Number of protein chains: 2
Amino acid sequence: MAGKRDSHPRSVWLTSKPARKRRESESAAGAGNLDREKIIATAVRLLDAKGEAQFSMRLLAAELNVTPMSLYWYVSNKDDLLELALDSVIGEIRLPKINVRSDWRKDLRALAGAWRHTLVAHPWAIRCYGEYLNIGPQSMGFTQRSQEVMARSSLSKEDQLVALSAVFQYVYGFASTESRWLEYGRKTGSTVDEFVAEVAASVSGIPGAQGGLLERRSTQTMKELRDRDFDRALDWLIAGMLA
Amino acid sequence: MAGKRDSHPRSVWLTSKPARKRRESESAAGAGNLDREKIIATAVRLLDAKGEAQFSMRLLAAELNVTPMSLYWYVSNKDDLLELALDSVIGEIRLPKINVRSDWRKDLRALAGAWRHTLVAHPWAIRCYGEYLNIGPQSMGFTQRSQEVMARSSLSKEDQLVALSAVFQYVYGFASTESRWLEYGRKTGSTVDEFVAEVAASVSGIPGAQGGLLERRSTQTMKELRDRDFDRALDWLIAGMLA
DNA sequence: ACCTGAACACCGTTCAAGT
DNA sequence: ACCTGAACACCGTTCAAGT
């Protein structure tokens, strides 16, 4: 993986030259000038707007009024760029203030919720997260903050790591599912509620298959149900690890 | 997503013509003849062997000694083919025998473990699972069996669905992480243990970042640790939902 | 130091045509 | 009913060359 194109993948974060040497003259040069941050920011914007499928190095270059090959002066390939873009959106996650007196479980839930929010806001980032090592500076910062939260729990040092992994694996799976349905709804031009109903109807036509997970569970909107389900399973997990 | 190429995605399973009409003459025709099942089986084999990045319609056609365009007689595009391939590997999952007298939690753990096993065995399927609706016949069969297992629990009908989703979202996240590290290890030609150690060493060079989740936790092998972590968090979740 | 043009080796897919 | 050839509209990336 990681390196759809590369056969011997290396994370950007593991390249020997830690990053392209930033040029000294970072004065207020012409606003049209290229630099790494601008490329990454534009990439994120395009990925959000057009989706990963429509995103290409060529499109990005055009958006920056530059030749595709210019980009390769700043990033070594598309995979590296995506890995950089991913870390950059991880940096958007709103970290809860660490308050020594507050309940660490509240902070953990806040971290999980913030992460879910960011992932769902950038569907392409979910796929990237599943493909790349996530060891960029922003990612490490997020992990560190999470560990600080867990450190206030009564769990053993080792259990803190296991618990943290479990929580974020759950959140990742949840966000992935959530995003998938949102995207399908968006692309078919219907609300999620409508789309789910349509799929449920279509699927119920198959003999032997009951609606199952697609069944309408109440009169609440999907969004409300999703929020509630997210919190409930998170509570189960936290309750279980403390039992 | 779903439809990297298509802008108005529809699952294979939602196409109005439910499947291409199977030809009546399914006699023992020449072994070299094309058909849908053979195409799907070959696709799965190639995806496993070469990885999704190397897999292409053209490669698949070559493997089948046929022109790329022949494939489009049987599947309408690459996305549909991947969706079919995904459902086909879901069909490989070894479902636990439903035993009315056995503990349903044991069956649930068996389902989760079997699913994890299948996902990790087919890394490309993980990405597909995150991208497509998973409503093919095999997928529905798996879901149905899962619901039968949950039906033996003391949970309310609605909680059964919430719990099932949570469990499989966790397993999906776990398998995604697991597969990612396995793939990186494989591609760099090292064991996972070696690769993790290498990354941990590299990352620890960054100021302010402690090893964190990459820290070596014991003398056990990664495989043993992964298995234990997987079971523990699953137990937490199950314990939590019953509390 | 930074950017470009031309080219290479690929993609998925359409469409008209063959048998 | 099934398969093909040629073509279209793309990709990411290399490499030598420009300034």
Side-chain angles (χ1 to χ4, degrees), chain A residues 2-10 12 17 19-27 29-30 32-39 43 46-47 50-85 131, chain B residues 1-10 12 17 19-27 29-30 32-39 43 46-47 50-83 85 131:
Chain A
K4 265 215 259 294
R5 290 149 287 272
D6 201 340
S7 60
H8 185 82
R10 289 235 117 217
V12 222
K17 33 182 174 182
R20 186 167 297 280
K21 213 186 312 175
R22 297 279 1 107
R23 63 159 168 272
E24 314 306 325
S25 58
E26 46 179 341
S27 59
N33 280 355
L34 233 46
D35 67 48
R36 230 193 195 208
E37 280 74 38
K38 187 190 232 174
I39 289 172
L46 282 176
L47 284 161
K50 309 241 184 191
E52 194 182 359
Q54 305 300 323
F55 175 81
S56 72
M57 297 299 274
R58 293 169 122 105
L59 180 78
L60 174 58
E63 185 77 10
L64 290 163
N65 291 313
V66 102
T67 267
M69 288 320 300
S70 318
L71 304 173
Y72 289 85
W73 178 259
Y74 299 93
V75 296
S76 55
N77 52 45
K78 194 188 185 183
D79 275 314
D80 275 14
L81 175 58
L82 287 174
E83 212 173 350
L84 290 164
E131 185 129 12
Chain B
M1 216 86 323
K4 263 216 261 295
R5 291 149 288 273
D6 200 339
S7 61
H8 186 81
R10 290 234 118 217
V12 223
K17 33 183 174 181
R20 186 167 296 282
K21 212 186 313 173
R22 298 277 5 106
R23 62 158 170 274
E24 315 305 326
S25 60
E26 45 180 341
S27 58
N33 280 355
L34 232 47
D35 67 49
R36 231 195 194 206
E37 280 74 37
K38 188 191 231 177
I39 289 172
L46 281 177
L47 284 162
K50 309 240 183 193
E52 195 182 358
Q54 306 299 325
F55 175 81
S56 72
M57 297 300 275
R58 293 168 122 103
L59 180 77
L60 175 58
E63 186 77 10
L64 290 162
N65 291 313
V66 101
T67 267
M69 288 321 301
S70 317
L71 303 174
Y72 288 84
W73 179 258
Y74 299 93
V75 295
S76 55
N77 53 43
K78 194 188 185 183
D79 275 314
D80 275 15
L81 175 57
L82 287 174
E83 212 172 348
E131 186 129 10

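Note that the coordinates shown come from a computational prediction; the quantities given were computed from them, not determined experimentally. Throughout, protein chains are lettered first and strands after them, A, B, ... in sequence-line order, and every chain is numbered starting at 1.
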Once you round it to whole Å, what is the distance between [atom2] of [N] and [atom1] of [X]?
X	N	atom1	atom2	value
A:Glu52	D:dC11	CD	C1'	14 Å
B:Leu71	C:dC11	CG	P	13 Å
A:Asn33	D:dT19	CG	P	19 Å
A:Asp79	D:dT13	CG	P	7 Å
A:Phe55	C:dC11	CZ	P	21 Å

Legend entry - Main-chain N/O of B:Asn33 paired with B:Lys38 side-chain donor or acceptor, under 3.5 Å: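 Pair found, side chain donor or acceptor close to backbone of B:Asn33.
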
Inset, instruction - For DNA chain D, produce a single dot-bracket line, 5' to 3'. Pairs: Watson-Crick or G-U wobble, both distances under 3.5 Å. Symbols: ( ) within strand, [ ] crossing, | other strand, . unpaired. - result: ||.|||||...|||||.||

For the side chain of [X], starting at C-beta, report the closest nucleotide among [options].
X	options	answer
B:Ser56	D:dC3, C:dC3, C:dG12	C:dG12
A:Arg58	C:dA7, D:dA6, C:dT4	C:dA7
B:Asn77	C:dT13, C:dC3, D:dT13	C:dT13
A:Met69	D:dC3, C:dC2, C:dT4	C:dT4
A:Val66	C:dT13, C:dT4, D:dT13	C:dT4

Inset, instruction - For nucleotides D:dA7 and C:dC11, find the distance between their C1' atoms and express it as a whole number of Å. - result: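 Taking atom C1' in both D:dA7 and C:dC11, they lie 14 Å apart.
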
Inset, instruction - Would you mind telling me which residue lines up with the more 5' stretch of DNA chain D, A:Met57 or B:Asn65, judged by nearest nucleotide? - result: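 Per heavy-atom nearest nucleotide, the more 5' residue is B:Asn65.
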
Inset, instruction - Taking all non-hydrogen atoms of both residues into account, name the closest pair between A:Leu34 and A:Ser70 and its distance. - result: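 The pair with the smallest heavy-atom distance is CD2-CB, 4.1 Å.
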
